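Right, one structure below, let's go through it.
None of these values were measured; they are calculated from a predicted model.
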Amino acid sequence: MDIVEITDENMEDFLPLLGEDLSEDIKRVYFNGIGATDEVGKPVGAFVYELLDSESEEDTKSRICFLKSGDEEILGSLNDYYCSTSVDEEEIAESMYELENEADASALTGCGFSMDKKEDDTLDITLGDLKETALGKKQNTPEYVMSIDALSILQYRQAVKDILFKGYKGIMEDIPFLPKDWFDNSISACVCSGEMINGLFLVRRTPTGVLIPALLYAFGPDSQKDLLYMLRFSLQQALKLYPPETTVRICRKNAVTRALTDKLMPDHSGTEIFFGYRKEGR
């Protein structure tokens, strides 16, 4: 068995294990993948993690977001490689996981992780669900709210920079590095005030068609209204372009986002997942 880094060169080999969406994520700056192959080079395991707080003054953490291992030997080899390379090189102080599969989570306890259960912070709903909420009511939005199709790349970069400068980065650690076309330009929205972009609502559409709201922020005297306008605009655009059964994946780690989803969809809750932590020695 060989342990390898998952890169552009061998991504196709690991695609059946990872799926299209995660394979695209591994190309992002803070995501990394480790794979296991058998004696003929066939992938038999994979381990994908995301670095958190690596550019901040806080200790760097790692979130294991995918694990696939056929047995303890494969998992042990993946974990050994992770500990001897990634943990040391990235100066990771703590590793954590959030997984749906109980067997995978249980296997990680053998590698020193804790294990517990909780409601997933991520909520999967559909465009049809959102259409039935107060946001789904057809209402005109001001002309200054439009899709980011209208922005040049320079305008987009400046808008993201302005928002980051105000201390907000959305749900993605690598938002400064993601190009404009990484988001769905047709349904992502912005607030334009002359040459100034006073708000952004960025929505990612994954290769499999899942919609992921990634950043919602507005500033200025009408910021609260503008947030609502952008949400309504994007939802109406999405309903025009995509079928009602389209999955919308909402990350509710932000208290404001959780409060909004609780208000709009009080009957929806996240699935039960398993999570755990491990302190890393340095």
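With contacts defined as side-chain heavy-atom distances shorter than 4.5 Å, the pair Cys192/Ile197 qualifies. The shortest distance between side-chain heavy atoms of Asp8 and Lys27 falls below 4.5 Å. Side-chain contact between Lys118 and Glu272 is absent, with no heavy atoms from C-beta onward closer than 4.5 Å. Inter-residue side-chain proximity for Asn32 and Ser86 is flagged as unmet; no heavy-atom pair is nearer than 4.5 Å. Annotation: side chain of Leu211 is not in contact with side chain of Arg204 (no heavy-atom distance under 4.5 Å). Between Phe183 and Asp181, every side-chain heavy-atom pair lies at or beyond the 4.5 Å cut-off. Counting only heavy atoms from C-beta outward, the side chains of Ile92 and Asp59 never approach each other to under 4.5 Å. A heavy-atom distance below 4.5 Å is found between the side chains of Ile125 and Ile250.
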| task | Could you check Thr246 against Val210 for side chain to side chain contact (heavy atoms under 4.5 Å, CB included), going step by step and ending with a plain yes or no? | result | CA-CA 7 Å; Thr246 299; Val210 176; over 6 Å; no
| Step-by-step side chain to side chain contact (heavy atoms under 4.5 Å, CB included) determination, Glu58 to Leu52 | CA-CA 9 Å; Glu58 297 182 31; Leu52 307 175; over 6 Å; no
| Please walk me through it: do Leu51 and Glu173 pass side chain to side chain contact (heavy atoms under 4.5 Å, CB included)? | CA-CA 8 Å; Leu51 295 175; Glu173 295 276 320; over 6 Å; no
| What do the steps show when you test Asp21 against Glu24 for side chain to side chain contact (heavy atoms under 4.5 Å, CB included), and what is the final call? | CA-CA 5 Å; Asp21 292 352; Glu24 280 296 301; 6.0 Å; no
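Nearest heavy-atom pair, Ile74 versus Asp71, reported as atom, atom and distance to 0.1 Å: N-OD1, 2.8 Å. Closest approach of Thr60 and Asp53 over heavy atoms only: OG1-O, 3.9 Å. In plain terms, the two heavy atoms of Cys190 and Ile148 that are nearest each other are CB-CG2, 4.1 Å. Shortest non-hydrogen contact noted between Phe274 and Met115 is CD2-CE, 3.6 Å. In terms of heavy atoms, Ser147 sits closest to Ser186 at CB-O, 3.6 Å. Residues Ile171 and Pro213 share a closest heavy-atom pair of CD1-O, 3.4 Å.
One distance of note links CG of Leu239 with CG of Leu127; it measures 5.5 Å at 0.5 Å rounding. Between the CG atom of Asp25 and the SG atom of Cys65 there is a distance of 7.5 Å, given to the nearest 0.5 Å. Considering CG of Asn79 and CG of Leu108, their distance stands at 7.5 Å, rounded to 0.5 Å.
A donor-acceptor contact closer than 3.5 angstrom is absent between the side chains of Arg205 and Asn185. For Thr7 and Glu5, the side-chain atoms include no donor-acceptor pair closer than 3.5 Å. Under the 3.5 Å distance criterion, with hydrogens and angles disregarded, no donor-acceptor pair is assigned to the side chains of Ser223 and Tyr217. Remark: the Tyr242 side chain and the Asp184 side chain contain an N/O donor-acceptor pair separated by less than 3.5 Å. For Tyr82 and Ser62, the side-chain atoms include at least one donor-acceptor pair closer than 3.5 Å. Defined by atom type and a distance below 3.5 Å, a donor-acceptor pair is missing between the side-chain atoms of Glu20 and Thr208.
Residue Asn140 qualifies as open at atom CG: its count of foreign heavy atoms under 6.0 Å is 12 or below. The local environment of NZ in Lys180 is crowded, with over 12 non-hydrogen atoms from other residues, nucleotides or ligands closer than 6.0 Å. Crowding of Glu143 atom CD: a count of heavy atoms from other residues, nucleotides or ligands under 6.0 Å not exceeding 12. For Gln139, the CD atom counts as densely surrounded, since its 6.0 Å shell holds more than 12 non-hydrogen atoms of other residues, nucleotides or ligands.
Residues Val191 and Tyr229 fall within the same hydrophobic cluster, defined by Ile, Leu, Val, Met, Phe, Trp and Tyr side chains chained together at heavy-atom separations under 4.5 Å. Tracing side-chain contacts under 4.5 Å through hydrophobic residues (I, L, V, M, F, W, Y), one reaches Leu164 starting from Phe219; they form part of the same cluster. No chain of hydrophobic side-chain contacts below 4.5 Å, direct or via other Ile, Leu, Val, Met, Phe, Trp or Tyr residues, connects Val160 to Met146. Ile212 and Leu130 fall into different hydrophobic clusters, where Ile, Leu, Val, Met, Phe, Trp and Tyr residues are linked whenever their side-chain heavy atoms come under 4.5 Å apart, directly or through other members. Residues Leu235 and Phe233 share a single hydrophobic cluster, defined by chaining ILVMFWY side chains whose heavy atoms lie under 4.5 Å apart.
Here the side chain of Ser188 pairs a donor or acceptor atom with the backbone of Val203 at under 3.5 angstrom. Between the Gln237 side chain and the Ser234 main chain, no donor and acceptor come within less than 3.5 Å of each other.
Met11 belongs to a hydrophobic cluster whose other members, connected by ILVMFWY side-chain contacts under 4.5 Å either directly or through intermediates, are Val4, Ile6, Phe14, Leu17, Leu18, Leu22, Ile26, Phe31, Val48, Phe66.
A side chain to side chain donor-acceptor pair (under 3.5 Å) with Tyr144 is found for one member of Asp222, Asp226, Asn198 and no other, namely Asp226.
Taking the charged nitrogens against the carboxylate oxygens, Glu94 and Lys61 have no contact shorter than 4.0 Å, which rules out a salt bridge. Arg28 and Asp174 are joined by a salt bridge, as a carboxylate oxygen and a charged side-chain nitrogen come within less than 4.0 angstrom of each other. Between Glu119 and Arg252 a salt bridge is recorded (basic side-chain N to carboxylate O distance below 4.0 Å).
Classification of the Phe275-Tyr277 ring pair by plane angle, with boundaries at 30° and 60°, yields perpendicular. Ring geometry for Phe113 versus Tyr97: interplanar angle over 60°, hence perpendicular rather than tilted (30 to 60°).
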